[in-house]
Structures are given as C-alpha cells and as structure tokens.
Visitor: 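Provided herewith is a single structure, encoded as structure tokens, for subsequent inquiry.
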Amino acid sequence: MTIKSIFFLLLSLVSLATFSQQKINISGKITSEKNVYDNPWINVTEYQVINPSGNPGIYGQVHFKNTAIGIIPLDAHRNTWLVGQHRYTLSEWSWEIPEGGGPAETNVRDSAMRELKEETGLTAKKWTQILKTHLSNSVSDEVGFIFLAEDLHEGDTDPEATEADMIIRKLPFQEALTMVLTGEITDGLSVMGILRVARMLKI
C-alpha cells in the first residue's frame with residue numbers, strides 16, 4: 001500500500017467517525033416525545049427537539065408497521081399488469097403496479113408473492129428484487145421494496161375487502177412506461193419501479 005493510499009484510507013476513517021458522531025449528536029437533541037396516534041397500520045410520534053440552530057423545534061414521525069411492497073410482472077412478450085383503484089387519501093383514481101404492505105417480520109419476497117396473487121391472480125417462478133426505497137423520509141420511516149416477477153402463470157385473484165373496486169389491466173410494458181412519462185401514473189412505487197425496469201430493458 002502506497003503512502004497516498006494510506007492517507008486516503010485514514011481520511012475516510014476520520015470522515016466516517018465524524019459522521020457517526022454527528023448522528024449521535026442529532027439523536028441526543030430530542031428533549032421529549034409523545035405518542036399521539038396509533039392504529040393497526042401506523043403510529044404517529046411527536047418529538048420536541050433542539051434543532052441545528054440551537055432553537056426549540058418539533059418533529060412528527062409516522063411509523064409504518066408494514067413494509068411497502070411493489071411488483072412489476074413481465075411476461076415473455078413484455079406485457080405487464082396494472083391495477084386501478086380509488087385512493088381514499090387523494091380522492092382520486094390511481095393506476096399502479098400491484099402493491100401493498102407486508103408485515104415487517106415477514107420475508108419481503110414472500111409478501112410480494114402474496115400481493116401479486118391477491119391482486120392479479122398471477123404467480124411467478126422468477127423473482128428479482130430491483131429496488132429499495134424510503135418513500136417519504138421527511139415525515140415517515142416507511143421503506144419499500146420493488147420486485148420484477150417473470151415466468152408468469154395466470155390464475156384467480158383473491159382481493160381484500162378494500163380492493164373490491166379494483167380493476168386489473170394487462171398492457172404492453174411500453175404503454176405503462178408512457179403512462180409514467182405523461183403523468184398518468186403518479187404512485188411513487190409504480191413510477192420508480194417502471195423506470196427501473198425500463199432501464200433494465202434498455203428502453
């Protein structure tokens with residue numbers, strides 16, 4: 001190892017130690033916390049803090065009890081499946097990839113297999129995790145995983161009660177990509193997943 005390499009290694013270690021200390025200092029500026037809301041899916045905590053300027057501040061954190069899961073099914077002819085449903089929080093109809101929540105303690109691929117079957121009736125022999133994402137890290141700790149599902153077999157759906165109005169649509173993947181690029185698809189997991197697969201397919 002050259003002197004130059006040793007220098008940059010030491011510099012990296014110092015930077016890492018400084019960053020770790022910054023994280024410790026930030027977490028130490030919480031002055032109080034209060035649980036303000038809880039249901040089977042989310043928990044909301046209010047934190048009183050001393051912000052980086054030294055003044056009192058407040059943070060609200062939404063903790064998600066499930067892991068977000070998204071799946072892009074792709075058949076041999078480059079067709080995919082979207083699901084459409086009314087999203088209560090937006091008061092809008094939304095076209096999305098098959099997606100949902102899996103218990104935090106459950107293997108994410110097992111959750112993805114269940115969601116794909118429930119919403120589309122599809123099962124897949126080949127699964128590839130293509131993306132991990134934090135969906136709104138300024139207010140929540142929600143983490144999401146997106147899978148590419150291939151070698152598909154079609155079967156019967158098994159939707160949940162809240163998905164009774166869901167519509168399933170099979171279409172060319174290129175058309176789904178166009179829906180992202182024109183703003184017709186706005187759901188975060190869907191946008192990220194479709195763009196990632198488009199890159200993989202060199203479209």
Visitor: Hey, mind stepping through Gln174 and Arg78 against side chain to side chain contact (heavy atoms under 4.5 Å, CB included) and telling me if it holds?
Guide: CA-CA 8 Å; Gln174 179 68 60; Arg78 289 194 174 182; over 6 Å; no

Visitor: Can you name the nearest heavy-atom pair linking Ile130 to Gly193, along with the distance?
Guide: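 Between these two residues, the closest heavy atoms are CD1-O, 4.1 Å.
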
Visitor: Linking I/L/V/M/F/W/Y whenever any side-chain heavy atoms sit under 4.5 Å apart, do Val108 and Phe64 land together?
Guide: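 No, Val108 does not connect to Phe64 through the hydrophobic network.
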
Visitor: To the nearest 0.5 Å, what is the distance between CD on Glu105 and CG on Asn66?
Guide: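 Taking CD in Glu105 and CG in Asn66, the distance rounds to 8.5 Å.
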
Visitor: Carefully, step by step, assess Asn51 and Asn55 under the rule side-chain hydrogen bond (donor to acceptor under 3.5 Å, both in side chains).
Guide: CA-CA 6 Å; Asn51 63 34; Asn55 296 313; 4.6 Å; no

Visitor: Does some side-chain heavy atom of Asn35 sit less than 4.5 Å from a side-chain heavy atom of His63?
Guide: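 His63 vs Asn35: side chains apart.
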
Visitor: Is there a continuous path of hydrophobic side-chain contacts, each under 4.5 Å between heavy atoms, that joins Tyr59 to Val36?
Guide: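 No, no single cluster joins them.
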
Visitor: Do Ile97 and Leu82 make a side-chain contact, defined as non-hydrogen atoms from C-beta onward lying under 4.5 Å apart?
Guide: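 Side-chain contact under 4.5 Å: yes.
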
Visitor: Quick check: do Leu189 and Leu131 have side-chain heavy atoms less than 4.5 Å from each other?
Guide: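 When only atoms from C-beta onward are counted, Leu131 and Leu189 do not touch, as no gap falls below 4.5 Å.
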
Visitor: When clusters are formed by joining ILVMFWY residues with side-chain heavy atoms under 4.5 Å apart, either directly or through shared neighbours, do Tyr47 and Val62 land in the same one?
Guide: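 They do not share one cluster, since no chain of ILVMFWY contacts under 4.5 Å joins Tyr47 to Val62.
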
Visitor: State, to 0.1 Å, how close Ile50 and Pro56 come at their nearest heavy-atom pair, and which atoms those are.
Guide: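 For Ile50 and Pro56, the tightest heavy-atom pair comes out as CD1-CA, 4.2 Å.
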
Visitor: Closest heavy-atom contact between Ile58 and Val49?
Guide: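 Scanning both residues completely, I find the closest heavy atoms to be N-CG2, 4.0 Å.
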
Visitor: Specify the closest pair of heavy atoms between Leu116 and Thr120, including all atoms of both residues, with the distance to one decimal.
Guide: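 Between these two residues, the closest heavy atoms are O-OG1, 2.6 Å.
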
Visitor: Would the distance check show the side chain of Lys117 and the main-chain N or O of Asp156 forming a donor-acceptor pair, the cut-off being under 3.5 Å?
Guide: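 Yes.
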
Visitor: Any sub-3.5 Å donor-acceptor pair from Thr45's side-chain atoms to Gln61's backbone N or O?
Guide: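 No, Thr45 side chain to Gln61 backbone: no donor-acceptor pair under 3.5 Å.
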
Visitor: Decide yes or no on side-chain hydrogen bond (donor to acceptor under 3.5 Å, both in side chains) for Glu142 and Ser140, but give the supporting numbers first.
Guide: CA-CA 6 Å; Glu142 186 178 24; Ser140 85; 4.7 Å; no

Visitor: Apply side chain to side chain contact (heavy atoms under 4.5 Å, CB included) to the pair Leu171 and Trp95, showing each step before the final yes or no.
Guide: CA-CA 12 Å; Leu171 70 167; Trp95 284 108; over 6 Å; no

Visitor: Starting at CD1 of Ile69, measure out to OG1 of Thr67 and round the result to the nearest 0.5 Å.
Guide: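 Going from the CD1 atom of Ile69 to the OG1 atom of Thr67 covers 6.0 Å.
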
Visitor: Start with the C-alpha distance between Met166 and Thr157, add both sets of side-chain angles, then the distance that settles side chain to side chain contact (heavy atoms under 4.5 Å, CB included), and finish with yes or no.
Guide: CA-CA 11 Å; Met166 183 177 287; Thr157 62; over 6 Å; no

Visitor: Testing the basics here: between Arg109 and Asn107, what is the closest heavy-atom pair and its distance to 0.1 Å?
Guide: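 So the minimum-distance heavy-atom pair works out to N-OD1, 2.9 Å.
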
Visitor: So how far is it from Thr178 OG1 to Ile203 CD1, rounded to the nearest 0.5 Å?
Guide: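 That separation rounds to 9.0 Å.
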
Visitor: Quick check: closest heavy atoms across Phe173 and Ile72, and the distance to 0.1 Å?
Guide: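 Closest approach of Phe173 to Ile72, heavy atoms only: CE1-CG2, 4.3 Å.
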
Visitor: Rounded at 0.5 Å granularity, tell me how far NZ in Lys132 sits from CZ in Phe145.
Guide: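 The NZ atom of Lys132 sits 5.0 Å away from the CZ atom of Phe145.
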
Visitor: With rounding to the nearest 0.5 angstrom, report the CD to CZ distance, Glu119 to Arg114.
Guide: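 Spacing of CD (Glu119) from CZ (Arg114) equals 9.0 Å.
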
Visitor: Working to the nearest 0.5 Å, report the span between CD of Glu99 and CG of Asp187.
Guide: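 Spacing of CD (Glu99) from CG (Asp187) equals 4.0 Å.
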
Visitor: Please check if the side chain of Lys65 supplies one atom and the backbone of Asn39 the other of a donor-acceptor pair under 3.5 Å.
Guide: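 Yes, Lys65 side chain to Asn39 backbone: donor-acceptor pair under 3.5 Å.
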
Visitor: Strictly distance-based, threshold 3.5 Å: is any side-chain N or O of Glu115 a donor or acceptor partner for the main-chain N or O of Gly70?
Guide: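 No, because the side chain of Glu115 does not come within donor-acceptor range (under 3.5 Å) of the backbone of Gly70.
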
Visitor: Would Tyr37 and Val139 show up in the same hydrophobic cluster when neighbours are defined by side-chain heavy atoms closer than 4.5 Å?
Guide: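 No, separate clusters.
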
Visitor: Using the rule that two of Ile, Leu, Val, Met, Phe, Trp, Tyr join whenever any of their side-chain heavy atoms come within less than 4.5 Å, decide whether Ile30 and Val44 are in one cluster.
Guide: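 The answer is no; the residues belong to distinct hydrophobic clusters.
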
Visitor: Under a 3.5 Å distance rule, please check whether Thr80 uses its side chain to pair with a backbone N or O of Leu74 as donor and acceptor.
Guide: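 Not a single qualifying donor-acceptor pair exists.
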
Visitor: So do Leu195 and Leu177 actually touch side chain to side chain, heavy atoms under 4.5 Å?
Guide: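 Yes. Closest side-chain heavy atoms under 4.5 Å.
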
Visitor: Take Trp81 and Leu152, measure what side chain to side chain contact (heavy atoms under 4.5 Å, CB included) needs, and give me the verdict at the end.
Guide: CA-CA 11 Å; Trp81 281 253; Leu152 304 173; 3.4 Å; yes

